[in-house]
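Residue numbers begin at 1 in each chain, while the letters A, B, ... track the order of the sequences.
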2 protein chains.
Amino acid sequence: MKARTTAQAGKERGRPKRSLRTTALDRRAQLIEATMTVLIEHGFEGLRTRRVAEQAGVNIATLHYYFSTKEKLIHGLADYLGERFRTLHAPGPPRARNPGLARLRQEFADAAFYWEKNRKLLLVMQELIHRSRRCPEIDRVLQSLLAEWRRELESLLRDGREEGIFRPEVSPAEGAALLTTAMMGLLGSPDLFDIVFRALERALVKPEVLEQNEEKKDGGSDHS
Amino acid sequence: MKARTTAQAGKERGRPKRSLRTTALDRRAQLIEATMTVLIEHGFEGLRTRRVAEQAGVNIATLHYYFSTKEKLIHGLADYLGERFRTLHAPGPPRARNPGLARLRQEFADAAFYWEKNRKLLLVMQELIHRSRRCPEIDRVLQSLLAEWRRELESLLRDGREEGIFRPEVSPAEGAALLTTAMMGLLGSPDLFDIVFRALERALVKPEVLEQNEEKKDGGSDHS
DNA sequence: GGAATTATTGATCAACTGATTGATAAAATA
DNA sequence: TATTTTATCAATCAGTTGATCAATAATTCC
């Protein structure tokens, strides 16, 4: 039950050089990763520093060496998650010259991809969203992320509307609100993904466009 | 704690026995009310039996007298909330002979009413929804509630479609999924209530119906 | 090689937490 | 009235939890 049991998880003492700086960053990342694992299993209600340390294979004191308090660990997690979502979402160089419908579907595909391949990230995000109600620091991070997402969607909808693909009576702001809200709600019942996506598409896209798109339906759906 | 207690069926004794039985029920209700208060302020992460007891103005031991464990208290809360939502939602005597659009708007009005006048209930519900992921007992209660709600919405949408008010291309199941999902999402950003409701209306109702309804937008009471 | 810095650990603390116990009113019952 | 049941509380227990500290190993720097 003593410490040595956990030793094999990490790097061994005599191991060749890795600069300390890098080690420190690795450790932090490793601790945050462990935090996510524990968080998914137990939620914030059952998040214990001891569990996180054990999950990471280090002593509690080591955890406190990198994150002096539990709150700092949580905020570190929030920041990390913000980065991950931003880079995986990557508005980056505007892939604007896509047809509006394809971009919308890309958005849906992104969501499905998150659920299928990056579920862990989504589950942790859900926990953070819930906690953000009582934690201004987390709220700041998430609000900025959400605002960014909404802006992106609005621009998508605006372009598609000018293009004549989306219903003109639905304003971009309205459409973006509907999209974000529905997708947040989908976090709670992901089995409705497909059906809700279809409904959202119908709500936003002109019927003619959908029909004519239905005929030539064979589109490959992913870009990496 | 004896087995003897099972014998007490004598309800129609001449005595006006308001005290003990009533007291016990009151205490339980009071403890559950206190639980809601603490839960809203601190979430499950900060839900402590001591805090609940203090909020209710009783000793911890008294709390444990009525709810032997914390879990039982939480399940009691879940059951109570289920009842509250069912009675306030009250599918009851089918108010069916309303025009579909009015019924849909009534659904929105219900949601808005919850938010304005019964926010506490909604906030606690949100906490329970979140916890239901890791608690089968709570999940059962909420799933049945959700299923009921969805059925109600589907019937509403089916009737309205037959009536020729809703878009025929949106199936009732699809519409209900969109509605429930969006409304769950709205719990997280209630400031979008109005705009999302408008979007949902547009997504479900035939454009003509909306337009013609827009003109005479002050004819309040409706009898068919 | 040796000092300074970085990284890790076992042990431990003080406060907290869910739950129990024994005593004891208060009410119901016979 | 006497006895049993119901309801409440102060005190306390055993285990948990976030955090600290002194000791020490590993790495970097001179």
Side-chain angles (χ1 to χ4, degrees), chain A residues 1-31 34-35 38-39 42-76, chain B residues 1-31 34-35 38-39 42-76:
Chain A
M1 52 185 78
K2 289 306 174 66
R4 286 291 153 216
T5 49
T6 60
Q8 57 107 315
K11 55 222 316 23
E12 283 307 321
R13 292 291 140 77
R15 224 66 187 102
K17 53 167 56 296
R18 257 208 191 141
S19 92
L20 273 181
R21 193 99 78 186
T22 306
T23 297
L25 287 182
D26 281 356
R27 201 47 109 198
R28 290 180 74 91
Q30 179 192 12
L31 284 167
T35 305
V38 176
L39 198 52
H42 299 99
F44 277 105
E45 188 183 349
L47 182 67
R48 300 290 174 258
T49 53
R50 276 172 170 78
R51 268 199 263 251
V52 172
E54 183 189 24
Q55 175 71 31
V58 300
N59 190 284
I60 317 169
T62 300
L63 186 153
H64 276 96
Y65 178 76
Y66 289 99
F67 300 95
S68 59
T69 68
K70 189 183 176 183
E71 280 298 289
K72 291 225 174 81
L73 174 65
I74 293 172
H75 297 160
Chain B
M1 52 179 95
K2 296 296 178 58
R4 280 289 160 81
T5 43
T6 56
Q8 36 86 308
K11 212 163 185 192
E12 40 275 15
R13 277 287 163 76
R15 297 313 176 95
K17 51 11 180 119
R18 52 125 186 285
S19 348
L20 269 184
R21 187 100 87 185
T22 307
T23 297
L25 287 181
D26 280 356
R27 199 51 107 195
R28 289 180 74 91
Q30 178 192 13
L31 283 167
T35 306
V38 176
L39 198 52
H42 299 99
F44 278 103
E45 188 183 349
L47 182 67
R48 301 289 174 260
T49 52
R50 276 172 169 78
R51 266 198 265 250
V52 172
E54 184 189 23
Q55 174 71 32
V58 299
N59 190 282
I60 316 170
T62 300
L63 186 153
H64 276 96
Y65 178 77
Y66 290 98
F67 300 95
S68 59
T69 68
K70 189 183 176 183
E71 281 297 288
K72 290 225 175 81
L73 175 65
I74 293 172
H75 297 161

Report summary line: Among the nucleotides dT9(C), dG18(D), dT17(C), whichever has the atom closest to the side chain of Arg50(B) is dT17(C)
**Report entry** Val38(B) versus Gln55(B), closest heavy-atom pair with distance
**Finding:** CG2-CB, 4.0 Å
Query raised in the report: Counting just side-chain N and O atoms, does Tyr65(A) come under 4.0 Å of either OP1 or OP2 of dA7(C)?
Result: yes
Report summary line: Arg27(B) CZ to dC9(D) P, in whole Å, measures 7 Å
Requested in this report: Select from Ile60(B) and Gly57(B) the residue whose nearest nucleotide in DNA chain D is closer to the 5' end of that strand.
Outcome: Gly57(B)
Query raised in the report: Whole Å only: how far is the CG atom of Asp26(A) from the C1' atom of dT8(C)?
Result: 16 Å
**Report entry** Rounded interatomic separation in angstrom, taking CG from Leu31(B) and P from dG18(C)
**Finding:** 14 Å
Report summary line: Leu63(B) atom CG is separated from dT20(C) atom P, nearest whole Å, by 12 Å
Report task. Indicate, with a heavy-atom threshold strictly under 4.0 Å, whether Leu47(B) touches base, sugar-phosphate, or nothing. Result -> sugar-phosphate
Requested in this report: In whole angstrom, give the distance that lies between atom CD of Glu54(B) and atom C1' of dA10(D).
Outcome: 16 Å
Query raised in the report: Under 4.0 Å between a side-chain N/O of Arg51(A) and OP1 or OP2 of dT16(D), yes or no?
Result: no
Query raised in the report: Is Phe44(B) close to Ile74(B) at the side-chain level, that is, under 4.5 Å between some pair of heavy atoms?
Result: yes
Report task. Would you give the length of the straight line joining atom CD1 of Ile60(B) to atom CZ of Arg51(B), rounded to the nearest 0.5 angstrom? Result -> 12.0 Å
Query raised in the report: For Asn59(B) and dA10(D), is the shortest distance between a side-chain N/O and OP1 or OP2 below 4.0 Å?
Result: yes
Report task. Just compare dA19(C), dT9(C), dT17(D) and give me whichever is closest to any side-chain atom of Thr62(A). Result -> dT9(C)
Requested in this report: Give a yes or no answer on whether the side chain of Gln30(A) reaches the backbone of Ala56(A) with a donor-acceptor pair at less than 3.5 Å.
Outcome: yes
Report task. Could you tell me the separation between the NE2 atom of His64(B) and the P atom of dT21(C), rounded to a whole number of Å? Result -> 12 Å
Query raised in the report: Is Glu54(B) atom CD crowded by more than 12 heavy atoms from other residues, nucleotides or ligands, each under 6.0 Å away?
Result: no
Report summary line: Of dG18(D), dG18(C), dT8(D), the nucleotide closest to the side chain of Lys70(A) is dG18(D)
Report task. May I ask you to evaluate whether Arg48(B) reaches the phosphate of dC16(C), defined as a side-chain N or O under 4.0 Å from OP1 or OP2? Result -> no
Report summary line: Taken to the nearest whole Å, CZ/Phe67(B) to P/dA7(D) is 13 Å
Query raised in the report: Once you round it to whole Å, what is the distance between C1' of dC16(C) and NE2 of His42(B)?
Result: 14 Å
